[in-house]
Amino acid sequence: MINAPRGTNDIHPPDTSYWQYIENKAHSVFNRYNYKEIRTPVFEYTELFQRGIGEATDIVEKEMYTFEDKGGRSITLRPEGTASVVRSFLENKIYGQPQPTKYYYLGPMFRYERPQAGRYRQFHQIGIEALGSNDPFLDAEVIAAGMNYVQELGLNNLKVLLNSIGCRECRPGYVEELKKYAAENKEKFCSDCKNRLKTNPLRILDCKVEQCSEALKEAPLILEALCDECEEHFRQVKTNLNRLEISYDLDPYLVRGLDYYTNTAFEVKYTGLGAQDTIFGGGRYNGLTEEIGRQSVPAIGFALGVERLLLTLKEQEIELPVETGLDVFIITIGEKARSRGFTLNQELRRAGVKSDMDYLDNSVGSQMKMADRQNAKYSFIIGGNELQKGVVTFRDMKSGEEEEIDIHNIVNKVQTYI
RNA sequence: GUGGGUGUAGCUCAGCCCGGUUAGAGCGCAAGAUUGUGGAUCUUGAGGCCGUGGGUUCAAGUCCCAUCACCCACCCCA
């Protein structure tokens, strides 16, 4: 027996209809915000992610599915969506068109990690990216679009965490301050954080170890170290969120794992999920386009984890519209009736009626049971008697009432009922 | 990559500590209960390389080792 690779999942009915619902809702909500769908390849040259995400990040260091293709090129299955979207934006010179450019995307992403609740090796993200504007109205719009999306799906009790992590003017100075503070209080931090101090100092801010949160209480805050421009930008983002009545908690310890983020950083969490509680997260990445291309294009976006969204929907016991049952199930007795039922089935379907029949040559009782299990509104019974009279027995599955109807009129008849 | 838990019927699980002959339950599935009627009940039945490989033993689902997978957590992220 060959199993699906570790960390991958098959999605079966009825779950597939949840997925379709989630995807359809994304199309409709993001279109309303005037974001257009973009589809990029599932694999890219490895260099794109190395440059875009940052060499020092865990994603690039140890989580990428990288392989050499037959032409000797290093290829990587995309671990996230933003780098590809930016690459495509630059490669196709979309910056030459009227700005901003507003995209959304959805699809599978790949990271080589140990699977756990809400985290898989092949997982799915839905994201939006708005490129070509640094307008703080846009920061708020992006967050609003995401919140609107999950709210329309029925989610409650979500928390927006907000921070600004500055720009390349003010952040380096802050990082130095932070390093200095941490060096002076080194013994108060956990061993991981002692390492982070060298590799990625900002990350000590969101360490979940209690002693570290203690140790950080006296630490300098980035919100107090922002340059005038960043501070003003952040102030306006907050004002705009207030205007949209989106409540948020300032979290000065919220940082983002990927190098390209600047200014606004946000995460939306649901606390009932266990360790993987971030439903979506994102921020501004004004530095990314220059890493990948030559142009400097400001941009902001977020990515949402579909599997986590589904877990939350189930956790909150939100009913998603499941595929409805059959209109008609055809029950036949005998070979002749079966053949007639088979052609009638096709007639029904061509007339827009959702119908099915038995393919196991089961007993009438079993066929009736099948009709019941399939949630059929009506069953059509065709046996020797019906064939002789040229009728079908039309049974209302709810009331149990039956009437005989001319087999030539049955399609029209049932259309008026559904 | 690290730690803990779990792999027995289609599904959920019991049996394992304290080895012993044909491996169980519930649900689901199938057939039937005056021969052409579902959603209730009852009867009967089908369905298991007990994750895989090795070892200990007269004997292994049960004990030991390895391996794989899943779950949870750490790391990190969506």
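So you know, we letter chains A, B, ... as the sequences are listed, proteins then strands, and number each from 1. Side-chain atoms are counted along with the backbone in the values below, which use heavy atoms only and exclude waters and symmetry mates. Predicted, not measured: the structure shown is a model, and the values here were computed from it.
A:Arg73 is linked by a side-chain hydrogen bond (donor to acceptor under 3.5 Å, both in side chains) to A:Asp69, counting only residues two or more places apart in sequence or in another chain. For A:Phe394, the ring-ring contact (aromatic ring centres under 6.0 Å, His included) test picks out A:Tyr378, A:Phe380, A:Tyr417, with sequence neighbours left out. Remark: A:Ala351 pairs with A:Val411, A:Gln415 by the side-chain contact (heavy atoms from CB on, under 4.5 Å) rule, at least two apart or across chains. For A:Gln122, there are no side-chain hydrogen bond (donor to acceptor under 3.5 Å, both in side chains) partners at least two apart in sequence or on another chain. The ring-ring contact (aromatic ring centres under 6.0 Å, His included) check on A:Tyr65 picks up A:Tyr112, with sequence neighbours excluded. Applying the side-chain contact (heavy atoms from CB on, under 4.5 Å) rule to A:Lys186 yields the partners A:Lys194; only residues at least two apart in sequence or on another chain are considered.
Comparing A:Gly118 and A:Pro115 by the nucleotide of RNA chain B whose heavy atom lies nearest to each, the residue mapping closer to the 5' end is A:Pro115. The nearest heavy atom of RNA chain B to A:Leu360 and to A:Pro5 marks one nucleotide each, and the one closer to the 5' end goes with A:Leu360.
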What does the B/S/- profile of nucleotides 35-42 of chain B look like, 5' to 3', with a 4.0 Å heavy-atom cutoff to protein?
-BBBB---
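In this model, the phosphate group of B:A31 is approached by a side-chain N or O of A:Asn362 to a distance below 4.0 Å at OP1 or OP2. In this model, the phosphate group of B:G1 is not approached by any side-chain N or O of A:Arg114 to a distance below 4.0 Å at OP1 or OP2. Note on A:Gln116: every side-chain N or O is 4.0 Å or more away from OP1 and OP2 of B:C72.
Note: CZ (A:Arg6) to C1' (B:U6) measures 13 Å, nearest angstrom. Atom CG of A:Asn9 is separated from atom C1' of B:A78 by 15 Å (rounded to the nearest Å).
No N or O donor and acceptor, one from the side chain of A:Arg119 and one from the base of B:A78, sit under 3.5 Å apart.
For A:Thr393 and A:Glu386, the side-chain atoms include at least one donor-acceptor pair closer than 3.5 Å. Donor-acceptor pairing under 3.5 Å is lacking for the side chains of A:Tyr104 and A:Glu129.
For B:U6, the paired nucleotide is B:A69, the pair qualifying as Watson-Crick or G-U wobble because both relevant distances are below 3.5 Å. When Watson-Crick and G-U wobble pairs are counted only if both distances are under 3.5 Å, B:G24 pairs with B:C13. Taking a pair to require two hydrogen-bonding distances under 3.5 Å in either a Watson-Crick or a G-U wobble arrangement, B:U56 remains unpaired. B:G61 is unpaired under the Watson-Crick or G-U wobble criterion, no partner having all donor-acceptor distances under 3.5 Å. Of the nucleotides present, none pairs with B:G36 by Watson-Crick or G-U wobble criteria with both distances under 3.5 Å. Pair check for B:A78 finds none; no Watson-Crick or G-U wobble contact set falls under 3.5 Å. The partner of B:G45 is B:C29, by the rule that a Watson-Crick or G-U pair needs both atom distances under 3.5 Å.
Heavy-atom distances under 4.0 Å link RNA chain B to no residue of residues 32-45 of chain A. RNA chain B is contacted by no residue of residues 407-417 of chain A, taking any non-hydrogen atom closer than 4.0 Å.
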Give every donor-acceptor pair under 3.5 Å between a side-chain atom in residues 273-283 of chain A and any protein atom, sequence neighbours left out.
{"residue": "A:Gln276", "atom": "OE1", "partner": "A:Arg308", "partner atom": "NH2", "Å": "3.1"}
{"residue": "A:Asp277", "atom": "OD1", "partner": "A:Lys269", "partner atom": "NZ", "Å": "3.4"}
{"residue": "A:Thr278", "atom": "OG1", "partner": "A:Glu267", "partner atom": "OE1", "Å": "3.2"}

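Remark: the separation of the P atoms in B:U22 and B:U34 is 40 Å, to the nearest Å. The P atoms of B:U37 and B:A31 are separated by 13 Å, rounded to the nearest whole Å.
Counting non-hydrogen atoms under 4.0 angstrom, A:Gly7 reaches the backbone sugars and phosphates but no base. Heavy atoms of A:Gln276 sit under 4.0 angstrom from at least one base atom. Counting any heavy atom pair closer than 4.0 Å across all strands shown, A:Glu307 reaches no nucleic acid atom. Nucleic acid contact class of A:Ala117 (heavy atoms, under 4.0 Å, all strands): sugar-phosphate only. Nucleic acid contact class of A:Ile279 (heavy atoms, under 4.0 Å, all strands): sugar-phosphate only. Residue contacts shown for A:Tyr120 include a base, since a base heavy atom lies under 4.0 Å away. At a threshold of 4.0 angstrom between heavy atoms, the contacts of A:Gly282 with the nucleic acid are absent.
Listed by first and then second residue, the salt bridge (Lys or Arg N to Asp or Glu O under 4.0 Å) pairs involving residues 376-385 of chain A are A:Asp327-A:Lys377 (not counting sequence neighbours). Residue pairs meeting the salt bridge (Lys or Arg N to Asp or Glu O under 4.0 Å) criterion with at least one partner in residues 116-126 of chain A, sequence neighbours excluded, are A:Glu113-A:Arg119.
Centre separation under 5.5 Å together with a plane angle under 30° holds for the ring of A:Phe123 and the six-membered base ring of B:A78, marking them as stacked.
The number of heavy atoms from other shown groups lying within 6.0 Å of CZ (A:Phe67) is above 12.
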Run A:Arg284 and A:Asn134 through side chain to side chain donor-acceptor pair (under 3.5 Å) and show every step you take.
CA-CA 9 Å; A:Arg284 205 160 250 297; A:Asn134 192 39; 3.2 Å; yes
